[in-house]
Student: 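My questions all concern the structure below.
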Amino acid sequence: MSTFSSPEEIAASKGSPTVPGTPGPYRDTPPAENLALLERMKNGEFPDGHCVLRAKIDLASPNMHLRDPYLYRIKRAHHHRTGDIWCIYPMYDWAHGQCDSIEQITHSICTLEFIPHRPLYEWFIEQLNIFPSRQYEFARLNLNYTVMSKRKLLQLVNEGYVRGWDDPRMPTISALRRRGYTPESLREFARRVGVAKRENIIDVGLLEFCIREDLNKQALRRFAVLKPIKVVLTNYPEGQVEWLETENNPEDTDAGKRPLAFSQELYIEQDDFMENPPPKYFRLYPGGMVRLKSAYIIQCTEAVKDARGNLLELRCIYVPESRSGADTSGLKVKGVIHWLSVAHAHPAEVRLYDRLFQVEDPAAEDDFKKSIHPDSLEVIEQAWIEPALLRPATGARFQFTRLGYFAVDPDSTADKPVFNRTVTLKDTWAKETQKQS
RNA sequence: UGGCCCGUGGUGUAACGGUAGCACAGCAGAUUUUGGUUCUGUUUGUCAGGGUUCAAAUCCUUGCGGGCCAACCA
């Protein structure tokens, strides 16, 4: 068995972009002899990598892809149709144009890095005299704070940085769906982004805008408290339960209303109370008043703490004549917060996602994995939800009032639903506090 | 220092050679029982020089900047 040129020898004989290549010892092997060799390659008479078939084009071309490119190498890869009978495997450039041509593709669209491949794509089609498919190149859609390369995403999956291809932090379609993105929002996003030949990095803010725009119109509002503080209404009758009403979606009156249980003990969000509030904070603080949405106005009378100073619960009084829809109190409060009756709240798991990378363009880093965001996932094992959120359909999407949009994860069980946060609501207060600090 | 592709506000994308527009973001205000939504106003741009033309983001040219190309990868 003769020994052919090694990969290193072939690479060296191709020259460099500024230096023309030089012919190797087998360049002028007669076609009949090559055909016979190819047949033996195909039949498995040689070990993998023993030799290759190359096209004889132009070793001096300024386009490296035209310097006698490989057509077939020996590679015993299993094929889903033909199984193991062919021991050769075509190169992308050789197969690409023929696949397109067989399918009568007129416009074969790909990304910018294939521009220098186009002359080769066309050369093969001309030589073969087959249906003239044409290749057109456009810039890929890059998003900031993530990577789009399939090879890099594969590493994230294989090396366990994410749970899988549909981990809601991934920029894949399956992940975006699991996260709660609607098909319509993705199409709208693509429409707004447009297509051009210019390298780009699109702000994820645009993607988030598109899903908020869509879900704002559709998603039913529900109350959920992610990180609770207990509120005790000292002047509310112990054991009493009142059924109040709240709208399912203020953007859609057809969505109707639902009942909400109100009682002496409530949960509110930790973020909605501050002992020493900054200027312009209009949620709850000692002595301060807020409206419990669709319920009563309350005033904080005491923050109860343990011996070490940890906040245990809040004592508040409610204003009986301030009930929503029947408010005769004359009070004007700026803050409106969501709440849940402790006795009527159910537990749920909530998964909060942040960007997967800490830099805008991780692919530009020496090692993109070094810029992975360590806290891109926060799991709240016990959040509280209202009864209307029990046993939701997988994939169902809701707005948790004042918190954001959430989608039901397939990990949900009958006992405990699991929600993925798709995106937060726009939060101008968070922006304000950032500016203040 | 060979060849190819691309340069329009912060981002993305428009403009037969004829008023540089749209969206997101930002900023300011109004409304609001979600600091959401909605509404109003507003800041910011043709990479630079030369040429052609009555007229250049657009055509030519030089420079500058960015990207791609030398895998038995796709």
Side-chain angles (χ1 to χ4, degrees), chain A residues 4-8 10-21 48-54 60-67 69-75 88-93 95-96 110-119 137 139 141-142 144 149-151 188-189 191-210 212-213 216-217 221 223 246-247 249-251 272 280-283 290-297 322 324-325 327 332-338 360 399-405 424-433:
Chain A
F4 293 94
S5 302
S6 69
E8 294 74 25
I10 294 174
S13 73
K14 282 192 178 182
S16 75
T18 51
V19 179
D48 279 13
H50 182 70
C51 55
V52 291
L53 179 70
R54 289 216 268 162
S61 172
N63 183 339
M64 297 297 292
H65 297 281
L66 261 16
R67 317 251 265 230
Y70 302 123
L71 265 37
Y72 288 105
R73 73 275 206 186
I74 302 170
K75 186 174 178 180
I88 52 176
Y89 197 104
M91 298 297 290
Y92 167 85
D93 281 320
H96 185 204
C110 63
T111 44
L112 257 23
E113 65 269 30
F114 290 95
I115 288 176
H117 295 243
R118 186 171 2 116
E137 309 85 7
L141 190 165
N142 292 304
N144 59 9
S149 148
K150 275 176 281 188
R151 292 171 193 204
E188 176 62 13
F189 173 64
R191 192 192 65 75
R192 287 172 182 260
V193 165
V195 182
K197 299 188 69 166
R198 194 185 319 167
E199 293 283 359
N200 62 64
I201 300 183
I202 291 144
D203 194 332
V204 293
L206 183 61
L207 216 208
E208 296 179 344
F209 169 84
C210 291
R212 286 191 188 111
E213 181 188 45
N216 176 50
K217 293 191 203 94
R221 273 57 170 172
F223 283 3
T246 190
E247 55 208 340
N249 185 352
E251 303 296 313
D272 290 336
K280 291 196 252 179
Y281 184 86
F282 44 84
R283 301 176 190 176
V290 286
R291 155 81 59 189
L292 296 177
K293 185 170 170 58
S294 300
Y296 296 91
I297 291 173
S322 68
S324 281
D327 187 349
K332 289 264 189 289
V333 294
K334 202 115 195 256
V336 178
I337 64 175
H338 60 281
E360 276 207 49
Q399 183 195 105
F400 289 180
T401 299
R402 298 211 308 133
L403 297 176
Y405 296 98
T424 62
L425 256 29
K426 255 177 74 178
D427 191 346
T428 50
W429 172 245
K431 208 184 297 176
E432 183 67 29
T433 52

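What you see below is based on every heavy atom in this structure, not just the backbone, and it leaves out hydrogens, waters and symmetry mates. Predicted model only: the values in this text are computed from it and were never measured. Numbered from 1 within each chain, the chains take letters A, B, ... in sequence-line order.
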Student: Are A:Tyr92 and A:Phe114, when compared by the centres of their aromatic rings, separated by less than 6.0 Å?
Tutor: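 Centroid separation for A:Tyr92 and A:Phe114: below 6.0 Å.
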Student: Got a donor-acceptor contact below 3.5 angstrom from the A:Arg67 side chain to the A:Ser61 backbone?
Tutor: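 The answer is yes, because a donor-acceptor pair under 3.5 Å joins these two groups.
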Student: If you count every heavy atom of other residues, nucleotides or ligands that lies below 6.0 Å from A:Tyr281 atom OH, does the total exceed 12?
Tutor: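 Counting other residues, nucleotides and ligands, OH of A:Tyr281 exceeds 12 neighbours.
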Student: If I pick the C1' atom on B:rC24 and the same atom on B:rU42, what distance separates them, to the nearest angstrom?
Tutor: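 My reading of the C1' atoms in B:rU42 and B:rC24 gives 16 Å.
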Student: May I ask you to decide if A:Ala295's main-chain N or O and A:Ser324's side chain share a donor-acceptor pair within less than 3.5 Å?
Tutor: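 At least one qualifying donor-acceptor pair exists.
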Student: Where the side chain of A:Val336 is defined as all heavy atoms beyond and including C-beta, which of B:rC69, B:rU13, B:rU34 is the nearest nucleotide?
Tutor: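 It is B:rU34.
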Student: Base, sugar-phosphate or nothing for A:His117? Non-hydrogen atoms, less than 4.0 Å.
Tutor: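 Result for A:His117 = base.
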Student: Out of B:rC69, B:rG35, B:rU13, which nucleotide sits closest to the side chain of A:Trp429?
Tutor: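 Of all the options, the side chain of A:Trp429 is nearest to B:rG35.
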Student: Starting at NZ of A:Lys75 and ending at P of B:rC72, how long is that distance when rounded to a whole Å?
Tutor: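 Distance, rounded to whole Å: 12 Å.
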Student: Please work out if A:Val195 contacts a base, only the sugar-phosphate, or nothing of the nucleic acid, heavy-atom cut-off 4.0 Å.
Tutor: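 It contacts sugar-phosphate atoms only.
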Student: Between B:rA56 and B:rG41, how far is it from one P atom to the other, in whole Å?
Tutor: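 One P to the other, the span is 32 Å.
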Student: Picking from B:rG35, B:rA74, B:rU8, which would you name as closest to the side chain of A:Arg198?
Tutor: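 For the A:Arg198 side chain, the nearest candidate turns out to be B:rU8.
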Student: What is the distance, to the nearest angstrom, from the CG atom on A:Leu425 to the C1' atom on B:rU33?
Tutor: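 Rounded to the whole Å, the gap is 15 Å.
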Student: Classify the side chain of A:Arg221 versus the base of B:rU34 as yes if they form a donor-acceptor pair under 3.5 Å and no if they do not.
Tutor: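 Indeed, a donor on one side and an acceptor on the other fall under 3.5 Å apart.
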Student: Atom CD of A:Glu137 to atom C1' of B:rC4: distance rounded to whole Å?
Tutor: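 Answer to the nearest Å: 11 Å.
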Student: Is the backbone of A:Ile202 close enough, under 3.5 Å, to the side chain of A:Asn142 for a donor and an acceptor to pair up by distance?
Tutor: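 A pair under 3.5 Å: no.
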Student: Do the side chain of A:Arg118 and the main chain of A:Glu137 share a donor and acceptor less than 3.5 angstrom apart?
Tutor: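 Not confirmed, A:Arg118 side chain does not pair with A:Glu137 backbone.
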Student: Please tell me if A:Arg402 has a side-chain N or O lying less than 4.0 Å from either OP1 or OP2 of B:rG35.
Tutor: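 Checking A:Arg402 against B:rG35: at least one side-chain N or O falls below 4.0 Å of OP1 or OP2.
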Student: Output the rounded distance in Å from CD (A:Glu208) to P (B:rU11).
Tutor: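 Rounded to the whole Å, the gap is 18 Å.
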Student: Heavy atoms, side chains only, cut-off 4.5 Å: are A:Leu112 and A:Glu199 in contact?
Tutor: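 Result yes, sub-4.5 Å side-chain heavy-atom pair found.
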Student: Tell me whether the side-chain N/O atoms of A:Ser16 come closer than 4.0 Å to OP1 or OP2 in B:rG2.
Tutor: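 Negative; the distance criterion is not met.
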Student: Determine the interatomic distance between P on B:rU31 and the same-named atom on B:rU46; round to the nearest Å.
Tutor: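 One P to the other, the span is 38 Å.
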Student: Taking the P atom in each of B:rG21 and B:rC16, what is the distance between them to the nearest angstrom?
Tutor: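 Approximately 14 Å lies between the P atom of B:rG21 and that of B:rC16.
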Student: Can you see if the side chain of A:Arg191 gets near the phosphate of B:rU13 - specifically, an N or O under 4.0 Å from OP1 or OP2?
Tutor: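 False: A:Arg191 side-chain N/O out of range (4.0 Å or more) of B:rU13 OP1/OP2.
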Student: Of the options B:rU34, B:rA70, B:rA74, whose atoms approach the side-chain atoms of A:Lys14 most closely?
Tutor: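 Side chain of A:Lys14 sits closest to B:rA70.
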Student: Please give, in whole Å, the distance from B:rU38 C1' to A:Asn249 CG?
Tutor: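 Checked: the CG to C1' distance equals 14 Å.
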Student: Which nucleotide in the set B:rU37, B:rG2, B:rC72 lies at the smallest distance from any side-chain heavy atom of A:Arg73?
Tutor: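 So the side chain of A:Arg73 is nearest to B:rC72.
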Student: Counting any heavy atom closer than 4.0 Å, what does A:Val193 reach on the DNA or RNA strands: base, sugar-phosphate only, or nothing?
Tutor: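 Sugar-phosphate, no base atom in range.
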Student: Let's test your reading of the pairing rules: Watson-Crick or G-U wobble, both distances under 3.5 Å, then write RNA chain B as a dot-bracket string with ( ), [ ], | and dots.
Tutor: .((((((..((((....[..)))).(((((.......)))))....(((((..]....))))))))))).....
Student: Supply the atom-to-atom distance A:Ile115 CD1 to A:Asn63 CG, rounded to the nearest 0.5 angstrom.
Tutor: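 It comes to 11.5 Å.
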Student: The side chain of A:Asn200 is closest to which nucleotide in this list: B:rG12, B:rG35, B:rU34?
Tutor: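 Of B:rG12, B:rG35, B:rU34, B:rG12 is nearest to the side chain of A:Asn200.
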Student: If I take atom CZ from residue A:Arg283 and atom NZ from residue A:Lys334, how far apart are they, to the nearest 0.5 angstrom?
Tutor: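 Answer rounded to 0.5 Å: 12.5 Å.
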Student: Please determine whether any donor N or O and acceptor N or O are separated by less than 3.5 Å between the side chain of A:Glu251 and the base of B:rG36.
Tutor: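 Answer yes: a donor N or O sits under 3.5 Å from an acceptor.
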Student: With the criterion set at under 5.5 Å between ring centres and under 30 degrees between planes, would B:rA74 be stacked on A:Tyr92?
Tutor: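 No, A:Tyr92 does not stack on the base of B:rA74.
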Student: Both A:Ala196 and A:Ala11 contact RNA chain B. Taking the nearest nucleotide for each, which residue is further toward the 5' end?
Tutor: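 Its nearest nucleotide being more 5', the pick is A:Ala196.
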Student: How would you label the contact of A:Arg67 with the nucleic acid (heavy atoms, under 4.0 Å): base, sugar-phosphate, or nothing?
Tutor: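 No contact.
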Student: Using the C1' atom on both, measure B:rC47 against B:rU58 and round to a whole Å.
Tutor: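 15 Å, rounded to whole Å.
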Student: Taking all non-hydrogen atoms of both residues into account, name the closest pair between A:Asn216 and A:Glu251 and its distance.
Tutor: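 Residues A:Asn216 and A:Glu251, closest heavy atoms: O-CG, 3.4 Å.
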Student: In B/S/- notation, 5' to 3', how is nucleotides 21-30 of chain B contacted by protein heavy atoms closer than 4.0 Å?
Tutor: --SS-SS---
Student: Heavy atoms under 4.0 Å, any strand shown: does A:Pro20 hit a base, just sugar-phosphate, or nothing?
Tutor: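 Touches nothing.
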Student: Between A:Asp203 and A:Leu206, is there a donor-acceptor pair closer than 3.5 Å when you use the side chain of the first and the backbone of the second?
Tutor: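 Absent.
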Student: I want to verify a distance call: between B:rG36, B:rC6, B:rG12, whose nearest atom is closest to the A:Ile202 side chain?
Tutor: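 Within the option list, the nearest is B:rG12.
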Student: Between the side-chain atoms of A:Thr18 and the base atoms of B:rU1, is any donor-acceptor pair under 3.5 Å?
Tutor: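 Under the 3.5 Å cut-off, the side chain and the base do not form any donor-acceptor pair.
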Student: If you check every side-chain atom of A:Met91, which of B:rC72, B:rC69, B:rA14 has the closest atom?
Tutor: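 The nucleotide sitting nearest to the side chain is B:rC72.
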Student: By nearest nucleotide on RNA chain B, pick out whichever of A:Phe114 and A:Leu403 is the more 5' one.
Tutor: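 First, find each residue's nearest nucleotide; the 5'-ward one identifies A:Leu403.
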Student: Touch check for A:Gln399, heavy atoms < 4.0 angstrom, all strands: base, sugar-phosphate only, or nothing?
Tutor: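 A:Gln399: base contact, heavy atoms under 4.0 Å.
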Student: Using the P atoms only, state how far B:rC27 lies from B:rG49, rounded to an integer number of Å.
Tutor: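 The same atom, P, in both gives a distance of 33 Å.
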Student: With a 4.0 Å cut-off on heavy atoms, is A:Tyr72 in touch with a base, just the backbone sugar-phosphate, or nothing at all?
Tutor: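 If one applies the 4.0 Å heavy-atom cut-off, A:Tyr72 turns out to touch nothing in the nucleic acid.
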Student: Can you measure A:Ile201 atom CD1 to B:rU13 atom P for me and round it to whole angstrom units?
Tutor: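 Nearest whole value for this atom pair: 12 Å.
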Student: Please state the C1' separation for the pair B:rC72 and B:rG2 - nearest whole angstrom.
Tutor: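 That atom pair is separated by 26 Å.
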Student: Between atom CD in A:Glu188 and atom P in B:rU13, what is the gap in whole Å?
Tutor: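 Atom-to-atom, A:Glu188 to B:rU13, this comes out as 16 Å.
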Student: Measure from the side-chain N and O atoms of A:Arg54 to the backbone N and O of A:Tyr70, and report whether any donor-acceptor pair falls under 3.5 Å.
Tutor: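 No, the answer is negative, given that no donor and acceptor are paired below the 3.5 Å cut-off.
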Student: Identify which nucleotide among B:rU34, B:rC4, B:rU13 has an atom closest to any side-chain atom of A:Ile115, counting heavy atoms from C-beta outward.
Tutor: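 Ranking B:rU34, B:rC4, B:rU13 by closest atom to the A:Ile115 side chain puts B:rC4 first.
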Student: In whole Å, measure the gap between the C1' atoms of B:rG9 and B:rG63 for me.
Tutor: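 Comparing C1' positions in B:rG9 and B:rG63 gives a spacing of 24 Å.
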Student: Looking at A:Arg73 and A:His50, would you say the former's side chain and the latter's main chain have a donor-acceptor pair under 3.5 Å?
Tutor: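 No: the side chain of A:Arg73 does not pair with the backbone of A:His50.
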Student: Can you find a pair of side-chain heavy atoms, one from A:Glu208 and one from A:Thr424, that are under 4.5 Å apart?
Tutor: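 Not touching, per the 4.5 Å side-chain cut-off.
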Student: Choosing from B:rG35, B:rG12, B:rU33, which nucleotide comes nearest the side chain of A:Tyr281?
Tutor: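 Nearest to the side-chain atoms of A:Tyr281, counting from C-beta on, is B:rG35.
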Student: Rounded to whole angstrom units, what separation is found between the CE atom of A:Met64 and the P atom of B:rA71?
Tutor: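 Distance check: A:Met64 CE to B:rA71 P gives 7 Å.
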